[in-house]
Each structure stands twice: as C-alpha cells, then as structure tokens.
There are 4 protein chains.
Amino acid sequence: MKSPQKPRKEPRQARSRFLVETIVEAAARVFDAHGYDGANTNEVARVAGVSVGSVYQYFPNKDALVTALHERHVRHMVRILDQVDAAAGALSLREATERLVARSLEVHRTEPRLQRLLHADLPTLEQQRALSEASRAVLDRTRQLLARHSAEIVQPDLDLATYVVLRMFEELVHAAALDPPPGVEDEALRRAISDALLGYLTRAAGPTRAGSPADRP
Amino acid sequence: MKSPQKPRKEPRQARSRFLVETIVEAAARVFDAHGYDGANTNEVARVAGVSVGSVYQYFPNKDALVTALHERHVRHMVRILDQVDAAAGALSLREATERLVARSLEVHRTEPRLQRLLHADLPTLEQQRALSEASRAVLDRTRQLLARHSAEIVQPDLDLATYVVLRMFEELVHAAALDPPPGVEDEALRRAISDALLGYLTRAAGPTRAGSPADRP
Amino acid sequence: MKSPQKPRKEPRQARSRFLVETIVEAAARVFDAHGYDGANTNEVARVAGVSVGSVYQYFPNKDALVTALHERHVRHMVRILDQVDAAAGALSLREATERLVARSLEVHRTEPRLQRLLHADLPTLEQQRALSEASRAVLDRTRQLLARHSAEIVQPDLDLATYVVLRMFEELVHAAALDPPPGVEDEALRRAISDALLGYLTRAAGPTRAGSPADRP
Amino acid sequence: MKSPQKPRKEPRQARSRFLVETIVEAAARVFDAHGYDGANTNEVARVAGVSVGSVYQYFPNKDALVTALHERHVRHMVRILDQVDAAAGALSLREATERLVARSLEVHRTEPRLQRLLHADLPTLEQQRALSEASRAVLDRTRQLLARHSAEIVQPDLDLATYVVLRMFEELVHAAALDPPPGVEDEALRRAISDALLGYLTRAAGPTRAGSPADRP
DNA sequence: CATGAATGAGAGTTCATTCAT
DNA sequence: GATGAATGAACTCTCATTCAT
C-alpha cells in the first residue's frame, strides 16, 4: 500500500547514524512491548528521545521501522552464522547446530515478541524486495554452512533442505523463547531443537541424552 | 488489553448458534483478507449480513473473534487428527504423517493469512486460558497419535516430542502454504515436511526420493 | 487525489437529513471563517454539535464538504434565477439583471469568503464530474434566461455569451461583497455591475445616471 | 495570522538580490504546481537550490512568498500596461484593449494556477497594506490608460470604471486561461473579452464577428 | 550569512464500542 | 434481541519554523 521502504536519507554523518540507531533501538523496545499495531510512532520517538519528525526524517513510515528491525535481526543472525561458520572446520555438524541454537535462543529471549512479529507481520508488509534481499543473506550463509557439512547430510536437494531447516530453526527457537513447554530444562529444550534439525538433515540424530542405546525397551 | 474473552452469551437457541457461525465465517474471510489490524468489526458485520450490534451481542470485542477463529481452527485440526487416528491401526507412522501433512496443507491454503495470524497474533492476545484450553485438544490428540506409534518413536519424552512436532508441523505447513520455496513440486514439499517430522521422531526417516532400499544397512 | 466525493450515505431518514444539513451549515461557517486550509474537520464537527465520526459518516473527506457547500450555493443561485425567470415576461432584461445582482449581492455578503473559496479552491479539487454537473444547472438557467431575451441581445454565440456573463457576474458580485471600491454607494455599485453585464450583452446599456440623452448618435 | 509581511532584509547586495529572485521563481513554480497549501517551503528551497534557512532569511514566512509573488505579478502587469500606454496615442481604445488581453492571456497561461491563487488566496492573507500598495500601481496605470481615452468612455466615474474594468479583465483572463469554454477559438475568446470590457466602457462595442457594418463610424 | 537537522503542534481520518430506538 | 447511527480517542504523517554549527 505504501511505497517507500528504505530510509529517506542515508545517514552519512556520524551523528545521524547514531540517531538512526537510537530510533531503531527504541522501535525494537516499543514493538516488542506492544506488537505492530499496538506500537505507535510517537511512542517510538518518545522512547528514542527525539521528535516524531526526526523519526520520519529517516523512516518514511511505520513499516519502514519494521523493515529496519528486520534488517537488524538479519545482521545479528548473519553475525552468529559467520562465527560458527568460521569455526566450521573444527566443529561437527552437531556441535555447530547446538552452538547456533544456543546463541539464537539468547537473541530471541531478549525480544521474544519482536522476533515473532518480524516473522509474522513482515510478510504482510509490502516491498518484498528489501525483505528478500536481507533474508537472502541468512539463506546464503545457512546454505553455505550446510554445504560445508554435505558429507553428513542426507538430503539431496540442498536448497530445499536450507528452506526447511531455516523454518524449523526459527520456529523452534521462537517457540522455545516465547512459550516453552512446561517443566522442560533449558538444556533439554536446546537438545530437542538440535535433534529435530539433525534428524532431518542427517537422520543420524536422535536422542543421545543417555549415550546408551535403546531408550526404550 | 481488554479483559473478557469468552462470548457473553452461550448461544442456546438454534437461531443464535447459526448467527454465531455466520459471524465467525465472516470474520474468517475478513481477517484472512486484511490481517488483524486491517480487519474491522463493522466489516465483519457487513460481510456476515448482520449489524455490528449483533456481533457484539456474541463477541464482547474484536479479540473474541480471533479467539473464536482459533477455536474453529482447532476443531478443524482435531477432526483431521481424529480421522487419521481412527485409521491408526492400519497406517504406518509415515503414512499417517503424510496424510496429515496433505490434509493440513489443504486447510492452510484456503486461508493462509488467517492461519498465520492465528499463529502469530493470538499469543499476543491476553487470556491465555481460553487459548490453552482449545489448543490442549490438539496437543492431546497429537500425543495420543504419537503414543499409538511409540514403538517407532525414538524420543523418550513424549510430551516434549509432541511439543516439538506440533511446532514443526504447523510452521512447515504455514510456510509451504504462504511462501513455498520456488521451483519445488508440491509432492516434494509434502515429502520434505514428512521427512522432517519423521527424522525427528524416528531417526529412520530420510530421503526416500531415490527409491533405493536400505537407507541403512 | 482522493476518489469519493459524494456523501457515503444518502440520508433517507428525516433525522439524518437534518444532521447533514446541520453539518453543511457548520461547514459553511467554518470555511467562511478560516478558508479551506484553515478550516478543520474537527472544528466543523464541534460547530455542528456532532462528533467527527458523524461528519465522516456522511462526508468521506474534507473535500466532500466543500463539494456539498458548492452544491448548496448552486441550489441557492438556481432558486434566484428561477424566481427571476418566472417573472421574465414582465421584466425587461435590465430589470431582470438588476434584480439578480441585488439578490446575489445579499447572498455573497453573508458568506463572502466562502463564496470566494468556492470559486477559487474548488477547481483545484478533483472530481470535476460532480462539480460540472451542479454548475451546469446554473449555466442552463442563465442561458435560458438570456434566450428569453434574445431579441435584445447582440451577441451571436449564446453559449459563449453565457460563459462570459456568468464569469463577469460572479466576479463582480464577489468583488463588490469582499473588497468594494471605497466611497461608492451601494446602489451605484449594483448599477455598475448591471451596466457591465448589459453593456456586453446589449451594447445599449450604459450610464443612465445622467439621464442625458443620446450618448452616441 | 502572522504579523510580518515584508522581507526581513532588503537585499542590497547583488548576490542577495539574485538569491531572492531565484527563490521567488522557485516559489512561482511550486505554488503553481501545488496550490497554496500543497506548496511547502522546504520544496521551494529545494527547487531554488538553497537551504530552507536561506528562504527564511529573506521571507519571514510562507505568506511572504505569496506576497512577493503578487508583487512580481503586479510588476509584470505594470510593464505590459506601460508598454501599451506608451503607444496610447497611436492606439484606439479597442486596439489597446485587445493588445492587453492578448498579452495577459500569455502571462496567465504560463502559470494559471498561480494566478488564480494570487487572486483568491491573497485577500485571505493579512497585511492588506503591502497588497494594496502593490496593487495600487496596477490601478493607477489602468486609470491613466482609461483617462487617456476618456473621450470614448461613457462611464462618468473613472475610479469606479477602473475598478470594474480591472475585475472583469482579470477574471475573464483567468477563466480563459484555466477553464476556457469548450469549442471556442482562441481569437473568438480574446474578442469576447475585449467586447465585454469595451461594452462596459464605451457601450459601442459589440459583436464584430460579422465584419458587416462599421463598428465605428 | 548559509545550512539543514530537528522540532512538535496539528490535521485528517479510522474504527472499536455503545445505546436509544 | 437486533439495529446501526453516533461517538471520540487515538494514530500516522506533514511541514512551517528554528537555531546550532
């Protein structure tokens, strides 16, 4: 419905860049607290300690804030993926997975509703262009990580596997952050997520809690 | 934000029950078309062919409509689960899974945005009570179905497994309905979803595309 | 820019009709007092003694109020034209003209700025359709009046003459109402307007102040 | 509403004078394109290639721009009037009139909305002082031109005649530029305007389309 | 003097909700 | 019970104006 999605003004000055960051952080807090509709731009400005006008100087409309938040999230995820990828040689797929799950859970637990919102409300927003662009980064890193471990992976179609794995990953992490199953230890939860991911990718994953075999007689 | 969540008035009369159903169906159409905020109660009333007042007679506020929609969805899923469960003796876990995936995809493809909305916006709504109650039904049936196949299932904690499986299931079906990966055949997609679910549950599932036997010696 | 121009809801009930009239009258006062931009819809509602929502129930946007005001003005002018036209047999063209000028001046003096606004800002508004439609009524009556006196009229192209006469008429009346020339008696002013109109139409009109004979052989 | 109307600073320096002119030209373009409210000072600055601050250096507020535009227009009209006046001895009143009409039409056709705006919105602006002052120049030249032809003019009150003639003139030219009657040749239109003016001034003017009888003995 | 980032009051418009009929 | 006109708080976004640099 609205057209522009990118910041009106690319912040060149250090001061502006700082301002933009301040606004994005404020938006994160506000959207996390109230959801997309509950959030309002004046509140974002207030929390950022600037005037509404300044918000609109850099973000042409409310949706642009969400887009920015999404990009922020993607940058975050890419950073994590890169770190794990850097250590990929030294890490088994399971180790890499568990590390990713653990790190992601931390991220999602700081702003659980925001993450859900990004996942759910963004697709409704227009301008798939920008979204896809940013998301592609995550897609690419993930695919790259999987490729690195292709020896262990049984799924023949790597693109499809990336797609499936990313969806599972995000959803399970969201769920664990927002509505964790009652009475489950955090480690068990992380383990379950990893199991699910590796079960699909390698089929060799399974309950390894009790290293012993035969969990069931 | 608001407090009451349950219909003000349980419709005892047949006429009322019909009215309520009409309103819920209208709500389904409107929410699917416009999303939570985009939808408005006056439009729901218009589509239902009743007055706003009548909508408020049975649904104390906008959120109550979403709750009702959620219950409708749960009823739908339960029906599907029951059908599969009824045939459980005759079906292998893989067969049951594939049937569930296929049926669910149909459902989600008729009202994709609504499903996403229910998944995403509902948790934001208050009154977890009603939600959990309805959702528990799905949880229970799923657990029951898994229990019926416990011989094949490697996950020791059935509650946790149910939790994980349900999340994966819903998310993958949503994703497949709303943003399917490009260039993937429908059957391959359904297969991938089943693989993911069974990979976690049984560890024995894997790519069976290449019909080759003995995935494992 | 906006699309709808006509009231959203044709007021069928007597109460609604009254409400619409109340709002239009309030709009007249507010627009006359503050001009198009200076006026604001909340103020219109306040003056009308209703809520903004009610204004928007009948007028989809600010412009629709101006359109309604224009229609009100046109109805007014048509009424005056009809009255004069009814007596046309008994009136000379000069008498008819002077009566029209006198009546119009009264109208314009009650809401001078509004009249100016209608004349000036309306064309900027979109939806020429509705405007032309309403305006055509005035055009038609005027042409009809001129036709009735065609014997005295020297202009060969009646459509062009109607166009020219209407413009002169409106402008001179506006001017006389809003910025009258200093030190000129009201009657002299009315006379001057009539002279201008008749000078164009009949060439026989002229200053009859000094009853002097034969202004030109 | 606001008080100051005159430039804060009379531009003495050549550079400043140039700057002021640049801004006024930009304002002309912007106001013509968007109308009074649609225009905004930042856009004017942008089009002028200067900063908003610079605009405010010379024009204390938005209205001051309109006032300046009015003065620009008046200067333009005065120039035209002077040219015709210079040739007054050699020109009949009809010739002078037709020349004025033709020249004015050219002017109004370059910036039709701006002209309308000046005519319509200016009176709403405060500070009649400055306006009248500038307008007086046009008034004076026109009166002077009429005086030069007093022999042919039948209207006894020259001030009133000037007033009436100016209003007719401006309105008919505006109308011809903005909403010309359909299907009328440009020359016929110019002729009609001249006829109207001369009909009032001399009563001897009339349709001369059919060149038939001597329009003047 | 020039700049333009920042301000913030204010405007148009929507829509969940009420309640007199 | 049903209706739907009426309400009005609240929200997004604009833009005239200022002032630190």
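In the text below, chain A, chain B and the rest are named by the order of the sequence lines, each starting its count at 1. Reckoned from all heavy atoms, side chains included, excluding hydrogens, waters and symmetry mates.
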Trainee: With respect to the phosphate group of E:dT7, does any side-chain polar atom (N or O) of A:S54 fall under 4.0 Å of OP1 or OP2?
Mentor: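 The answer is yes; a side-chain N or O of A:S54 sits under 4.0 Å from OP1 or OP2.
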Trainee: Is the shortest side-chain N to carboxylate O distance from B:E25 to B:R72 below 4.0 Å?
Mentor: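 So B:E25 pairs with B:R72 through a salt bridge.
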Trainee: Nearest whole Å is fine: how far is F:dA16 C1' from D:F59 CZ?
Mentor: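 In whole Å, F:dA16 C1' and D:F59 CZ are 16 Å from each other.
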Trainee: Does A:N40 reach a base, just sugar-phosphate, or nothing at all? Heavy atoms under 4.0 Å.
Mentor: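 Answer is sugar-phosphate: A:N40 comes under 4.0 Å of backbone atoms only.
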Trainee: When the distance from CD1 of A:I23 to C1' of E:dA6 is rounded to whole Å, what number comes out?
Mentor: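 Roughly 10 Å, once rounded to whole Å.
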Trainee: Quick check: does any side chain N or O of A:T22 sit under 3.5 Å from a backbone N or O of A:F18, one acting as donor and the other as acceptor?
Mentor: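 Yes: the side chain of A:T22 pairs with the backbone of A:F18.
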Trainee: Nearest whole Å is fine: how far is F:dA20 P from D:Q57 CD?
Mentor: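 Rounded to whole Å, this separation is 15 Å.
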Trainee: Rounded to the Å, how far apart are A:R17 CZ and E:dA6 P?
Mentor: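 After rounding, the gap between these two atoms is 14 Å.
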Trainee: Backbone N or O of D:D63 within a donor-acceptor pair of the D:T67 side chain at under 3.5 Å?
Mentor: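 Yes; judged by distance alone, with no hydrogens or angles, the pair exists.
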Trainee: Map D:N42 and B:T41 onto DNA chain E by nearest heavy atom, then report which one ends up closer to the 5' terminus.
Mentor: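 Its nearest nucleotide lies further toward 5', so the answer is D:N42.
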Trainee: When you compare E:dC1 with F:dT21, how far apart are their P atoms, in angstrom units rounded to a whole number?
Mentor: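 That atom pair is separated by 22 Å.
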Trainee: What nucleotide among E:dG4, E:dT7, F:dA6 has an atom nearest to a side-chain atom of A:V50?
Mentor: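 Given the options E:dG4, E:dT7, F:dA6, the side chain of A:V50 is closest to E:dT7.
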Trainee: Grab the OH-C1' distance between D:Y56 and E:dT7 for me, whole Å please.
Mentor: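 Taking OH of D:Y56 and C1' of E:dT7, I get 13 Å after rounding.
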Trainee: With nearest nucleotide decided by heavy atoms, which residue, C:G53 or A:K62, maps closer to the 5′ end of DNA chain F?
Mentor: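 The residue mapped nearer the 5' terminus is C:G53.
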Trainee: Does some side-chain heavy atom of D:K62 sit less than 4.5 Å from a side-chain heavy atom of D:Y36?
Mentor: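 Contact flag for D:Y36/D:K62 side chains = yes.
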Trainee: If we only count heavy atoms from C-beta on, is the D:L65 to D:V24 side-chain gap below 4.5 Å?
Mentor: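 No, side chains not in contact.
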Trainee: Measuring to OP1 and OP2 of F:dG8, would you say a side-chain N or O of C:S51 lies under 4.0 angstrom away?
Mentor: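 Result: no.
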Trainee: Calculate the interatomic distance between C:E43 atom CD and E:dA9 atom P; express it in whole Å.
Mentor: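 Between P of E:dA9 and CD of C:E43: 19 Å.
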Trainee: So what's E:dT18 paired with, Watson-Crick or G-U wobble, going by both distances under 3.5 Å?
Mentor: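 Pair assignment: E:dT18 / F:dA5.
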Trainee: Given atom CG of B:N61 and atom C1' of E:dT17, what is their separation to the nearest angstrom?
Mentor: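 Rounding to the nearest Å, CG of B:N61 and C1' of E:dT17 are 10 Å apart.
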Trainee: For the pair made of NE2 in C:H34 and C1' in E:dG10, what is the distance, rounded to whole Å?
Mentor: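 Result: 14 Å.
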